[in-house]
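Each remark here refers to the structure printed beneath this line.
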Amino acid sequence: MKLLYFAWVRERIGRAGETLELPAEIRTVADLVAWLKTRGPEYAEAFARPDLVRAAINQEHVKPDAPIAGAREIAFFPPVTGG
Amino acid sequence: MKLLYFAWVRERIGRAGETLELPAEIRTVADLVAWLKTRGPEYAEAFARPDLVRAAINQEHVKPDAPIAGAREIAFFPPVTGG
Amino acid sequence: MSVRVQADDFDASHEIAALTANRTDIGAIVTFTGTVRGEAKGKSIASMTLEHYPGMTEAELERVEAEAHARWPLDATRIIHRFGELKPGANIVLVVTASRHRQAAFEAAEYLMDYLKSRAPFWKKETAADGTGNWVDARETDEAALARWNLPVKPTPGVKPAG
Amino acid sequence: MSVRVQADDFDASHEIAALTANRTDIGAIVTFTGTVRGEAKGKSIASMTLEHYPGMTEAELERVEAEAHARWPLDATRIIHRFGELKPGANIVLVVTASRHRQAAFEAAEYLMDYLKSRAPFWKKETAADGTGNWVDARETDEAALARWNLPVKPTPGVKPAG
């Protein structure tokens, strides 16, 4: 699975993206966040407050309970602040 | 008294303005309109529907019951349509 | 001077640049540009002639502008209104509002346009392709637009007796 | 293409001219320009860096724009958003709406900005004079601004909501 990180999520994890093999039991975005947090302190810090991290699947905003089946690209980022 | 006419009020009266001696009994804008209507058919036509004519005294919008005492300049015109 | 009544055209970017030059406290700039439409009530328009009341026009625009500044935290504003004969597509009016808050800039620009349309002494005459002229009627929707600002009705300006 | 995400600056008049060229059916054009403020929470800002999500950004801006067209009778719109490092006073975002109805142009521009601010994947990092960086937090007022569009469409004088 192609994962992308933006803004301080990117800075805390220390990379802009990566391609990972996900365990089969991961069904939702929330499952994915929980699994990522086990991958190291940088992930644990980035997702310390999951309510402050937003997600997009295939470049569309999704909620934590969104299923990841069919995803080509999953992105994590803080609430947007453009404009 | 200096009187000014704009837009179709000007066109109907046939002049952009004039200076007239007003009878002493004219106290309000409505009095002035009633008196002007007696001055000829062009005035009668211009003020045929007084509700469609607006007035300004000394370049400020006023209502028909506004007193004309102290006026330097009284203008009559249709509802404005700028912008 | 932030209010101008002129025959000449204007340029929105130029006015934005003039209002914001050397300033870094402004975060939001809204412009409204009104242009001559080529059609009115299904009839083609050859030109639009704007008549105005010199002196009173500037005074009304300045009053309207001062009211907007009293009501919103505005850093700068500009109102430019043209007069004379204008062709379809030509600019008629420009309002620019600058604020640190975007909603203030938006609301003030709407307010300025609503008030300008019902208070500034301008009158539009459309000339059709066949040369016939038609004075544009005031629109009830403009009165309605004004009403939503829900201001206390301004007392009729009194005229003090001479002497 | 009416949505652009770019490092380069933009010019409001140029975009107005591009949208209205050879058109005489438009009567009202509203622009919103957002600029970098030189101060944040009392602290001086040396620069602002905008990060974005290439691909998704354009897609979101196009979705937001399509929603505005579905909701108001718009003749043309443009959204330009910059990315990269910007100095205080620099332009960040431009929204242009054109309609025959001024209130539609105003409302659509506000709507586009409200939605853009909470949906388009941009993130701002402020760099202070001493070199320290700070990611700008999303503001609750932006969420509140968005919430008001969820209300039933209010009837606006002279403007029928599309759809």
Side-chain angles (χ1 to χ4, degrees), chain B residues 1-18 21-22 24-33 42 45-83, chain C residues 5 32-35 40 48-64 79-83 92-95 112-126 133-140 142-143 145-146 153-163:
Chain B
M1 179 67 67
K2 184 180 174 191
L3 302 180
L4 295 172
Y5 311 120
F6 293 96
W8 55 252
V9 176
R10 171 180 56 71
E11 287 184 343
R12 289 181 192 177
I13 293 176
R15 66 196 64 151
E18 59 195 323
E21 292 291 322
L22 306 188
E25 67 267 23
I26 294 179
R27 297 177 172 279
T28 67
V29 168
D31 293 344
L32 176 55
V33 168
E42 69 276 29
E45 196 205 339
F47 293 103
R49 288 199 44 198
D51 58 310
L52 289 186
V53 181
R54 301 285 182 269
I57 294 180
N58 301 345
Q59 307 193 346
E60 290 200 32
H61 292 287
V62 295
K63 298 241 158 102
D65 61 358
I68 65 164
R72 296 179 308 276
E73 176 177 309
I74 303 178
F76 293 102
F77 43 76
V80 305
T81 54
Chain C
V5 181
F32 176 88
T33 306
T35 58
M48 169 89 82
T49 303
L50 276 133
E51 181 171 334
H52 77 118
Y53 184 170
M56 180 170 169
T57 311
E58 291 82 351
E60 277 298 331
L61 294 179
E62 282 166 13
R63 274 194 276 269
V64 164
I79 305 175
I80 303 176
H81 203 299
R82 299 178 71 189
F83 60 83
I92 301 172
V93 62
L94 176 70
V95 159
L112 287 174
M113 282 307 303
D114 285 351
Y115 269 75
L116 184 159
K117 281 205 165 253
S118 56
R119 290 221 319 229
F122 284 100
W123 301 275
K124 284 175 178 160
K125 188 175 195 175
E126 296 162 348
N134 173 54
W135 289 99
V136 176
D137 285 331
R139 298 191 314 153
E140 282 179 24
D142 285 332
E143 288 295 318
L146 197 61
V153 174
K154 196 186 168 197
T156 301
V159 179
K160 289 193 183 82

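Note that the coordinates shown come from a computational prediction; the quantities given were computed from them, not determined experimentally. Lettering follows sequence order; numbering is per chain, from 1.
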key: Heavy-atom pair with the smallest gap, counting every atom of B/Phe6 and C/Pro54   = CE2-CD, 4.4 Å
query = Which of parallel (below 30°), tilted (30 to 60°) and perpendicular (above 60°) describes B/Phe77 and C/Trp123?
reply = tilted
note = Between C/Val136 and B/Thr81, the two heavy atoms sitting closest are O-CG2, 3.3 Å
message = Can you confirm whether B/Arg27 is buried at CZ, in the sense that more than 12 heavy atoms of other residues, nucleotides or ligands lie under 6.0 Å from that atom?
response = no
key: Considering all heavy atoms, the nearest C/Ala138-B/Val80 contact   = CB-O, 3.9 Å
ask   = For C/Lys117, is it the side chain, the backbone, both or neither that has a heavy atom under 4.5 Å from a heavy atom of chain B?
value = both
inquiry  = Please rank B/Ala75, B/Ala56, B/Pro78 by heavy-atom pairs under 4.5 Å with chain C and give me the top one.
reply    = B/Pro78
ask   = Between B/His61 and C/Arg119, which heavy-atom pair has the shortest distance, and what is it?
value = NE2-O, 2.6 Å
Contacting region of B/Arg10 [heavy-atom separation from chain C under 4.5 Å] = side chain
message = Does any part of the side chain of C/Glu51, heavy atoms only, come nearer than 4.5 Å to the side chain of B/Glu11, both counted from C-beta?
response = no
request  = Measure distances from B/Leu52 to the heavy atoms of chain C and classify the residue's part below 4.5 Å as side chain, backbone, both or neither.
outcome  = neither
Side-chain donor or acceptor of C/Lys124 paired with backbone N/O of B/Gly83 under 3.5 Å = yes
remark   = Given C/Gly34, C/Gly133, C/Ala120, the one with more heavy-atom pairs under 4.5 angstrom with chain B than any other is C/Ala120
ask   = Does a side-chain heavy-atom distance below 4.5 Å link B/Glu73 with C/Met56?
value = no
